[in-house]
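This is a predicted model, so every value here is computed, not measured. Counting starts at 1 for both ligands and their atoms, in listed order.
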Amino acid sequence: MRIVLLGCPGAGKGTQSKILAERYGLEHVATGDLFRAEIAAKSPLGLKVENYLKSGTLVPDATVVDLVASKLDGLTRGFLLDGFPRTLEQAQSLDKYLSKNKAGIDLVLYLNMNEKEVMRRLTSRRSCPKCGELYNVISRPPQAEGKCDKCGADLVQRPDDSETTVKKRLMVYDDLTRPLVAYYRSQSDFHEVDGAQPVETVTEQLTSIVDSNRGAAR
Ligand code: AP5
């Protein structure tokens with residue numbers, strides 16, 4: 001199964017992708033996570049993209065497309081794309097890449113979300129730099145303050161989760177990524193879920209869509 005999960009910053013893409021990827025045995029390809037790992041490793045790619053992430057602007061399409069293609073090449077299982085594509089050009093490059101491999105996107109899941117709620121969610125998000133677990137000091141606090149429940153590492157706040165940068169990311173989303181909703185709605189098996197509901201409710205609705213899609217494919 002090949003799934004694209006769309007949604008604005010803070011819509012819950014990372015939270016839901018981790019759950020779905022584990023449940024369905026899919027490769028979770030999250031471009032933001034991949035870039036953050038490169039930045040932490042101070043690799044040439046990390047140095048190249050660092051300022052884009054810091055400022056809340058998009059990494060150039062060619063760089064992202066090459067990175068995603070290198071992750072998908074040779075994959076023997078299905079995948080879930082989280083944070084990619086993010087521009088029309090990226091979406092078209094993905095279509096071309098898949099059609100070369102005689103494949104296509106099976107499902108596009110769109111987490112719709114009121115952007116006002118996003119500011120509250122993102123400024124209160126914390127994450128584990130070691131295992132990637134996500135927290136929220138309001139809606140999902142860790143058991144011990146500032147420590148990851150899973151591995152005990154100190155939790156961190158993403159540098160691009162400041163109020164100013166979140167505003168910028170939302171503007172970039174409106175300009176460059178929101179048009180993908182119309183693009184996929186018109187040509188894919190597209191489903192919209194209200195991302196403002198509790199995490200468990202969003203998961204239930206997404207899994208029910210994936211389950212019926214799998215049933216139909218059998
Ligand atoms: P990326 O890491 O992809 O960030 P994003 O798209 O802005 O999304 P977020 O990770 O902020 O939010 P999310 O939707 O995953 O929400 P989450 O589940 O964490 O990209 C970062 C940067 O990398 C970009 O700005 C760009 O520079 C670069 N980049 C990445 N991909 C690129 C591409 N394709 N092209 C060019 N540049 C690219 O949830 C957020 C918080 O809310 C958490 O605290 C969580 O616990 C909480 N939460 C989640 N769901 C719920 C719920 N239902 N109820 C209450 N709280 C909830």
Side-chain angles (χ1 to χ4, degrees), residues 4-21 28-39 45-46 48-69 71 80-94 109-115 117-128 132-142 148-149 155-162 164-178 180 193-206:
V4 168
L5 189 58
L6 268 185
C8 69
K13 302 182 298 297
T15 302
Q16 298 297 336
S17 294
K18 285 182 178 46
I19 299 170
L20 295 181
H28 176 200
V29 180
T31 41
D33 290 348
L34 293 171
F35 287 135
R36 281 184 288 278
E38 297 288 338
I39 292 169
L45 176 60
K48 186 171 160 188
V49 302
E50 191 167 13
N51 281 332
Y52 293 104
L53 275 87
K54 249 192 211 155
S55 62
T57 53
L58 294 188
V59 173
D61 288 334
T63 306
V64 190
V65 167
D66 284 352
L67 176 69
V68 173
K71 290 287 157 194
L80 192 160
L81 297 176
D82 160 8
F84 178 91
R86 236 171 165 107
T87 63
L88 210 49
E89 196 172 330
Q90 291 179 18
Q92 288 163 345
S93 299
L94 176 64
L109 303 172
Y110 169 48
L111 289 180
N112 195 359
M113 175 82 193
N114 171 346
E115 293 184 11
E117 169 67 11
V118 160
M119 182 62 76
R120 205 172 66 98
R121 274 194 190 177
L122 289 184
T123 48
S124 55
R125 169 169 56 189
R126 300 291 181 273
S127 54
C128 176
E133 192 65 13
L134 287 172
Y135 297 89
N136 190 287
V137 293
I138 301 169
S139 60
R140 191 182 179 241
C148 179
D149 294 346
L155 299 180
V156 295
Q157 184 165 22
R158 265 171 53 174
D160 60 344
D161 278 348
S162 69
T164 317
T165 313
V166 170
K167 275 189 191 146
K168 175 75 188 165
R169 287 161 61 200
L170 287 171
M171 276 166 54
V172 170
Y173 173 81
D174 276 337
D175 284 350
L176 299 172
T177 311
R178 192 181 286 286
L180 291 185
V193 167
D194 177 6
Q197 305 173 96
V199 172
E200 299 70 23
T201 313
V202 176
T203 306
E204 254 171 51
Q205 295 182 358
L206 291 174

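For the residues R125, Q197, R126, the heavy atom positioned nearest atom 9 (P) of ligand 1 is part of R125. Around atom 11 (O) of ligand 1, the closest heavy atom drawn from E117, R169, R120 belongs to R169. Taking all heavy atoms of K54, Q90, R121 into account, the minimum distance to atom 50 (N) of ligand 1 is reached by R121. The option from R158, K13, R86 that lies nearest to atom 24 (C) of ligand 1, judged by heavy atoms, is R86.
Rounding to the nearest 0.5 Å gives a distance of 9.0 Å between CG of L67 and CZ of F84. Rounded to the nearest 0.5 angstrom, T63 OG1 and Y52 OH are separated by 7.0 Å.
Looking at ligand 1, you won't find any N or O of F84 less than 3.5 Å from one of its N or O atoms. Distances between N or O atoms of Q16 and those of ligand 1 include no value under 3.5 Å. Ligand 1 has no nitrogen or oxygen under 3.5 angstrom from a nitrogen or oxygen of P9. For ligand 1, the polar-atom distance check finds no N/O of P198 at less than 3.5 Å from any of the ligand's N/O atoms. Distances between N or O atoms of T15 and those of ligand 1 include at least one value under 3.5 Å. Checking only distances, T57 does come within under 3.5 Å of ligand 1, N or O to N or O. Looking at ligand 1, you won't find any N or O of P85 less than 3.5 Å from one of its N or O atoms. Note: no N/O pair closer than 3.5 Å links G56 and ligand 1 by distance alone.
Between the R169 side chain and the D160 main chain, a donor and an acceptor come within less than 3.5 Å of each other. Side-chain N or O atoms of K13 include one that pairs as donor or acceptor with a backbone N or O of G7 at under 3.5 Å.
In this model, no donor atom of one side chain and acceptor atom of the other lie less than 3.5 Å apart for S162 and T164. Neither side chain, Y173 nor D175, offers a donor N or O lying under 3.5 Å from an acceptor on the other.
Residue K18 qualifies as enclosed at atom NZ: its count of foreign heavy atoms under 6.0 Å is above 12. Applying the 6.0 Å contact sphere to CD of E89 captures no more than 12 heavy atoms from other residues, nucleotides or ligands.
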Go through the steps for E133 and R140 under the test salt bridge (Lys or Arg N to Asp or Glu O under 4.0 Å), then give the verdict. CA-CA 11 Å; E133 192 65 13; R140 191 182 179 241; 3.2 Å; yes
Walk me through whether R86 and L58 qualify under side-chain contact (heavy atoms from CB on, under 4.5 Å). CA-CA 8 Å; R86 236 171 165 107; L58 294 188; 3.6 Å; yes
side-chain contact (heavy atoms from CB on, under 4.5 Å), that's the test. Do L111 and L6 meet it? Break it down for me. CA-CA 6 Å; L111 289 180; L6 268 185; over 6 Å; no
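For atom 31 (N) of ligand 1, the closest non-hydrogen atom on the protein side is T31 OG1, 2.7 Å. The closest protein non-hydrogen atom to atom 44 (O) of ligand 1 is Y135 O, 2.8 Å. Nearest to atom 56 (N) of ligand 1 among the protein's heavy atoms is S139 OG, 3.2 Å. At the shortest separation from atom 15 (O) of ligand 1 among protein heavy atoms lies G14 N, 2.8 Å. Considering only non-hydrogen protein atoms, atom 12 (O) of ligand 1 sits nearest to G10 N, 2.9 Å. Closest protein heavy atom to atom 16 (O) of ligand 1: G12 N, 3.3 Å. Distance from atom 47 (C) of ligand 1 to its nearest protein heavy atom, with residue and atom name: N136 ND2, 3.8 Å. In terms of protein heavy atoms, atom 37 (N) of ligand 1 is closest to V59 N, 3.1 Å.
Taking every heavy atom of R36 and a limit of under 4.0 angstrom, the matching atoms of ligand 1 come to 2 (O), 21 (C). Distances below 4.0 Å separate heavy atoms of V64 from the following atoms of ligand 1: 33 (C), 34 (N), 35 (N), 36 (C). If you number the atoms of ligand 1 from 1 as listed, the ones under 4.0 Å from a heavy atom of L122 come out as 11 (O), 40 (C). Remark: ligand 1 atoms within the under-4.0 Å shell around heavy atoms of Y52 are 27 (O).
Between V65 and Q90, the closest side-chain pair of non-hydrogen atoms falls below 4.5 Å. Annotation: side chain of L206 is in contact with side chain of L20 (closest heavy-atom distance under 4.5 Å).
The proximity of Y173 to ligand 1, defined as any non-hydrogen pair under 4.0 Å, does not occur for either the backbone or the side chain. Residue-level proximity to ligand 1 for C8 is carried by the backbone, the only part with a heavy atom below 4.0 angstrom. Both the backbone and the side chain of L53 come within 4.0 Å of ligand 1, counting heavy atoms alone. Only the side chain of L134 comes within 4.0 Å of ligand 1, judged by heavy-atom distances.
Ligand 1 lies out of reach of S127, whose nearest heavy atom is not under 4.0 Å from it. Within the 4.0 Å heavy-atom shell around ligand 1 one finds G195. Within the 4.0 Å heavy-atom shell around ligand 1 one does not find G7.
Classification of D161 and R125 as a salt-bridged pair holds, one side-chain N sitting under 4.0 Å from a carboxylate O.
Partner V199 forms a side chain to side chain contact (heavy atoms under 4.5 Å, CB included) with one of N136, T15, L134 and no other, that one being T15. For the salt bridge (charged side-chain N to carboxylate O under 4.0 Å, His left out) with E115, the qualifying choice from R178, R121, K167 is R178, the only one to do so.
Contact detail for V49 and V59: the closest heavy-atom pair is CG1-CG1, 3.8 Å. What you find for P85 and V4 is that their closest heavy atoms are CD-CG1, 4.0 Å.
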